[in-house]
Amino acid sequence: MPRSWLAMTMTATMLASTAIAHAQAPVAPPAAQAARIDRIQVNGNQRIEAETIRSYLSLRQGDPADPSLIDESLKTLYGTGLFADVALRVEGNTLVVDVVENPVINRIDFEGNRRLEDSDLEKEVLLRPRTVYTRTRVAQDVERLQEVYRRNGRYAARIDPKIIQLDQNRVDLIFEIEEGPRTEVRKISFTGNDRFSDSALRDVVLTTEARWYNFFTSNDTYDPDRLNYDRELLRRFYLKNGYADFVVQSAVAELAPEGEEFYVTFVVEEGERYKLGKVDVQTTLPGLDTATLEDVVETESDDWYDATKVDRTVEALTTEVTNRGYPFVRVQPSVTKDRETHVINITYNIDEGPRNFIERIEVNGNARTLDEVIRREFRVAEGDPFNAERIRTSRDRVRNLDYFDKVEVTTEPGSDPDKTVVKVDVEEKSTGEISFGVGYSTGSGPLGDVGIRERNLLGRGQDLRLGFTISGDEQLIDLSFTEPYFLNRDVAAGFDVFRREIDREDESGYVQKTTGGALRADYWLTPSLRHGLKYTLRNDEVTDVSKDASRYIREQEGQRLSSIVSQTFTYDKRDSKVDPRDGYLLRLTQDLAGLGGDAKYARHRADAAWYYPITDDVVGMVSGQVGYILGLGEDIPINDRFFLGGDSLRGFATAGVGPRDVKAGDALGGNFLYSGTVEVGFPLGLPDDYDVRGRVFSDFGSVTELDDSGPEIRDVNSIRASVGVGLTWISPFGPIRLDAAQAVLKEDFDDTEVFRFSFGTRF
């Protein structure tokens with residue numbers, strides 16, 4: 001038999017044997033099938049329905065008991081925050097869900113908090129009564145409360161949450177608080193400062209070192225936001241003084257181990273001080289002569305570089321060029337540094353900005369104040385060219401209304417690329433006032449006043465005030481009303497009704513009673529010049545004349561009706577009306593009496609004041625006034641004459657200067673007045689938070705030209721003068737003012753005084 005057949009026969013035999021063996025081997029059973037869930041049983045639930053719990057599961061009746069779905073269901077139930085514990089298990093064909101519900105909060109209370117009210121803490125926690133208690137949420141609320149105490153300078157505060165178990169799975173949540181002491185800034189240090197001392201830089205930053213006398217300020221507590229602001233204050237200070245490369249490398253606050261004190265360290269790199277080299281103004285605007293803009297530029301060659309002057313110059317150039325008829329203007333300063341010679345060259349490039357128009361002005365947040373009250377303060381209108389400077393001015397005018405806690409003006413793209421929407425968002429504040437005042441003055445004695453005022457009547461911007469004043473020498477009741485935009489025009493119109501009684505027994509031996517009213521209106525002629533008109537009708541009564549009073553006073557006894565027309569021009573270029581540090585004020589007032597009534601005269605008075613910043617904190621002031629009253633066919637009534645002394649001429653008593661009946665000792669007043677003051681105000685080295693300033697001054701002036709004459713009357717037109725020192729403290733109890741002055745030029749019949757003191761407060 002051939003070998004090939006033999007091989008084939010053997011192969012066939014082996015295959016047949018293998019097939020028989022497989023046929024005779026037992027067959028393995030299939031893999032075990034997962035149990036099918038026929039029932040889902042929920043145990044332990046008290047408030048939550050079983051069906052609600054089943055709805056959170058990833059398994060349903062009839063599904064196989066898949067371990068991955070059971071695990072997913074467990075995580076979902078925990079994620080609801082409703083349960084303190086959850087367990088899932090399979091028993092036969094039943095899925096058993098065991099839950100322990102989180103309790104419900106019955107009430108939340110705070111214990112141990114003395115510095116912060118419960119209402120302030122309640123605003124911070126997210127948990128509320130009738131919500132589910134969870135340890136995670138409690139921990140989050142503890143962290144929020146600790147942050148509140150950190151913001152209030154108490155980093156050592158400890159907060160321990162406790163629960164009191166109640167029936168029906170309810171709990172009371174108590175936050176036990178240990179407030180701890182204020183975490184003060186013990187030391188402020190600077191590293192890298194060679195040009196300015198540590199003490200000089202401490203005066204720049206807002207944060208202060210803790211001192212025993214800092215009981216009116218919180219700036220000596222650590223505040224990370226304040227520290228970031230301090231970095232910016234340092235940067236501005238150095239840039240203002242020419243250090244254009246200045247950098248604050250770090251500001252680190254280290255907490256002492258006991259947790260009660262911080263040590264703050266600023267690491268600075270001052271760099272070199274730069275002077276200004278070439279200062280130039282260039283423009284691409286046709287017809288604009290840059291030479292005429294030189295007066296607007298504050299930066300000058302050879303001066304030390306001052307970034308604040310650069311910013312002010314950009315604003316001034318923008319305003320000036322816009323006012324010259326170029327509505328689309330952009331001013332960009334180009335600054336080049338020469339690091340070898342330490343010189344900075346500045347070129348102010350004036351170009352035409354993108355053409356853009358105001359599509360609309362939207363006002364939001366004014367629930368009570370009418371839209372028109374806000375819109376009429378805007379120096380731009382819908383459809384006008386977009387002008388950033390006028391919009392900033394408009395924003396400031398709205399803020400100056402003092403009707404709002406917040407005024408934000410933002411811009412958004414309009415319906416077309418060349419249109420802009422101006423959005424004005426305001427947050428209203430209370431404009432009604434009920435005030436009570438107490439005080440004391442050496443001129444008027446103890447005084448008190450009560451005032452009721454609404455500065456935004458019915459949301460229309462109208463001002464209504466009713467006031468009462470009672471002092472040792474004066475009683476006053478007055479009612480005033482002002483409509484700031486009379487007949488929808490930029491004219492402030494209003495009226496006054498008053499009743500005043502002034503005791504002048506000490507100065508002139510009589511009591512003056514005045515009853516009357518006035519109509520007034522004023523308006524802007526230019527952005528700095530305002531004109532006012534006023535008509536006053538009043539009845540003056542001189543009464544209770546002393547038996548030993550001057551015969552010139554006794555002749556004034558009785559009643560007189562005065563009908564007075566007045567006008568006032570005021571030109572105001574001061575940087576602030578409340579605390580001026582720079583600029584000047586000019587005022588001219590003219591009164592004409594005689595259009596009816598008994599009094600007939602023409603009175604003129606001019607006032608001027610000039611403020612000049614000698615340094616950042618030292619301010620010089622020069623002021624003066626001159627007045628003259630001319631009788632029209634008759635003598636001037638005593639209540640219309642000029643008097644000088646007291647606050648108007650320190651070193652002399654009230655009405656202590658001028659014509660006097662030397663026999664009776666009564667001041668008679670005069671028809672011609674002039675006076676002036678030279679004063680320098682300066683800080684006293686105390687922290688800025690105290691707001692205490694000192695001053696040195698010299699007052700001078702005189703009153704003369706009495707209509708009457710006689711042997712007992714002394715009327716000398718010589719100049720009187722005084723020199724003195726004083727201080728003003730804006731205390732928590734109100735402004736306190738103390739002056740000590742010595743008369744250096746006087747007449748023997750003048751009435752002098754050395755000290756003058758006043759304080760007052762409102763609450």
When every non-hydrogen atom of Tyr584 is compared with those of Leu586, the smallest separation belongs to CD1-CG, 4.2 Å

Please examine the side chains of Val252 and Val264, heavy atoms only from C-beta on, and report whether any two atoms are closer than 4.5 Å. no

Which heavy-atom pair separates Val363 from Asn366 by the least distance, and what is that distance? CG1-OD1, 3.5 Å

Note: Arg465-Asp463 ion pair, threshold 4.0 Å (strictly below): no

Are Asp402 and Arg455 within salt-bridge range, i.e. N to O under 4.0 Å? yes

Looking at Arg368, I'd like to know if its CZ atom is crowded, meaning that more than 12 non-hydrogen atoms belonging to other residues, nucleotides or ligands lie closer than 6.0 Å. yes

Stepwise, does the side-chain hydrogen bond (donor to acceptor under 3.5 Å, both in side chains) test hold for Asp220 with Thr208? CA-CA 5 Å; Asp220 59 350; Thr208 60; 5.2 Å; no

Calculate, to the nearest 0.5 Å, the distance between atoms CD and CG belonging to Glu320 and Leu288 respectively. 9.0 Å

Measure the shortest side-chain to side-chain distance between Asp303 and Glu300 over non-hydrogen atoms and say whether it is less than 4.5 angstrom. yes

Do Gln282 and Asp280 come close enough that some side-chain heavy atom pair is under 4.5 Å? yes

Heavy atoms only: give me the nearest Gly277-Ser301 pair and the separation to one decimal. O-OG, 2.5 Å

Salt bridge present between Asp572 and Arg587 (N-O < 4.0 angstrom): no

Around Gln249, counting heavy atoms of other residues, nucleotides and ligands shown, do more than 12 lie under 6.0 Å from its CD? yes

Backbone N or O of Thr322 within a donor-acceptor pair of the Arg390 side chain at under 3.5 Å? no

Other residues, nucleotides and ligands only: do more than 12 of their heavy atoms fall within 6.0 Å of NZ on Lys429? yes

Side chains of Asp582 and Arg574 in contact at under 4.5 Å (non-hydrogen atoms): no

Looking at Arg312 and Glu298, does any basic side-chain N land under 4.0 Å from a carboxylate oxygen? yes

Do the side-chain N and O atoms of Thr284 and Asp351 include a donor-acceptor pair separated by under 3.5 angstrom? yes

Side chain to side chain, Phe266 and Leu201, heavy atoms closer than 4.5 Å: no

Going by an N to O cut-off under 4.0 Å, is there a salt bridge joining Lys275 and Asp302? no

Is atom CG of Asp289 surrounded by more than 12 heavy atoms (other residues, nucleotides or ligands) closer than 6.0 Å? yes

After noting the C-alpha distance and the side-chain angles of Phe357 and Asp384, does the key distance pass the side chain to side chain contact (heavy atoms under 4.5 Å, CB included) rule? CA-CA 6 Å; Phe357 297 87; Asp384 285 354; over 6 Å; no

Can you list the steps and then say if Glu377 with Arg375 is a side chain to side chain contact (heavy atoms under 4.5 Å, CB included)? CA-CA 5 Å; Glu377 299 299 326; Arg375 291 179 180 272; over 6 Å; no

For Thr299 and Tyr305, test the side chains for any donor-to-acceptor distance below 3.5 angstrom and give the result as yes or no. no

Could you tell me whether Lys534 atom NZ has more than 12 heavy atoms of other residues or ligands within 6.0 Å of it? no

Close side-chain approach of Glu352 and Arg330, heavy atoms under 4.5 Å: no

Is the shortest side-chain heavy-atom distance between Asn241 and Phe246 below 4.5 Å? no

Does Ser415 form a side chain to side chain contact (heavy atoms under 4.5 Å, CB included) with Glu359? I'd like the steps, not just the answer. CA-CA 8 Å; Ser415 57; Glu359 182 175 6; 2.8 Å; yes

Apply side chain to side chain contact (heavy atoms under 4.5 Å, CB included) to residues Thr411 and Phe386 and explain how you reach the verdict. CA-CA 10 Å; Thr411 58; Phe386 180 83; 3.7 Å; yes

For Val409, which of Val398, Val426, Asp425, Ile391 qualifies under side chain to side chain contact (heavy atoms under 4.5 Å, CB included)? Ile391

Can you tell me if Thr615 and Asp617 form a side-chain donor-acceptor pair at under 3.5 Å? no

Hey, what do you get for CZ (Arg202) to CZ (Phe190), rounding to the nearest 0.5 Å? 6.5 Å

Supply the atom-to-atom distance Asp194 CG to Glu269 CD, rounded to the nearest 0.5 angstrom. 11.0 Å

Can you give me the closest heavy-atom contact between Val565 and Tyr535, atom names plus distance? CG2-CD1, 3.8 Å

Does a side-chain heavy-atom distance below 4.5 Å link Tyr238 with Lys240? no

Any side-chain to backbone donor/acceptor pair from Asn228 onto Asp225? Under 3.5 Å, distance only. no

Does the pair Arg235/Glu232 count as a salt bridge with the N-to-O cut at 4.0 Å? yes

Give me the atom names and distance for the closest heavy-atom approach of Val407 to Arg399. O-NH2, 3.1 Å

With a 4.0 Å cut-off, would you call Arg150 and Asp223 a salt bridge? no

Criterion side-chain hydrogen bond (donor to acceptor under 3.5 Å, both in side chains) on Asp396 and Thr393, from CA distance to verdict: CA-CA 5 Å; Asp396 293 341; Thr393 301; 5.7 Å; no

Give a yes or no on whether Gln567 atom CD has more than 12 heavy-atom contacts from other residues, nucleotides or ligands under 6.0 Å away. yes

Is Glu382 paired with Lys419 through a side-chain N to carboxylate O contact shorter than 4.0 Å? no

For residues Asp418 and Asn356, is any side-chain donor paired with an opposing acceptor at under 3.5 Å? no

Out of Thr570, Asp522, Thr568, which one pairs with Arg530 under the side chain to side chain donor-acceptor pair (under 3.5 Å) rule? Asp522

Cut-off 3.5 Å, side chains only: do Asn456 and Thr369 have a donor facing an acceptor? yes

At their closest point, which heavy atom of Gly271 faces which heavy atom of Tyr243, and how far apart are they? O-CD2, 3.6 Å

Measuring from atom CD of Glu408 to atom CZ of Arg395, what distance do you get when rounded to the nearest 0.5 angstrom? 10.0 Å

One should read off an interatomic distance between Leu227 CG and Ile188 CD1, to the nearest 0.5 angstrom, of 8.5 Å

Let's go through Thr292 and Arg324 carefully: what are the C-alpha distance in whole Å and the side-chain angles of both, what is the deciding distance for side-chain hydrogen bond (donor to acceptor under 3.5 Å, both in side chains) to 0.1 Å, and is it a yes or a no? CA-CA 11 Å; Thr292 62; Arg324 295 190 183 190; 2.6 Å; yes

How long is the gap from CD1 on Ile344 to CG on Leu276, to the nearest 0.5 Å? 6.5 Å

If you count heavy atoms of other groups shown closer than 6.0 angstrom to CZ of Arg460, is the number above 12? no

Is the ring centre of Phe237 less than 6.0 Å from the ring centre of Phe196? yes

Around Tyr612, counting heavy atoms of other residues, nucleotides and ligands shown, do more than 12 lie under 6.0 Å from its OH? no

Set of residues satisfying side chain to side chain donor-acceptor pair (under 3.5 Å) with respect to Thr319, sequence neighbours excluded: Glu389

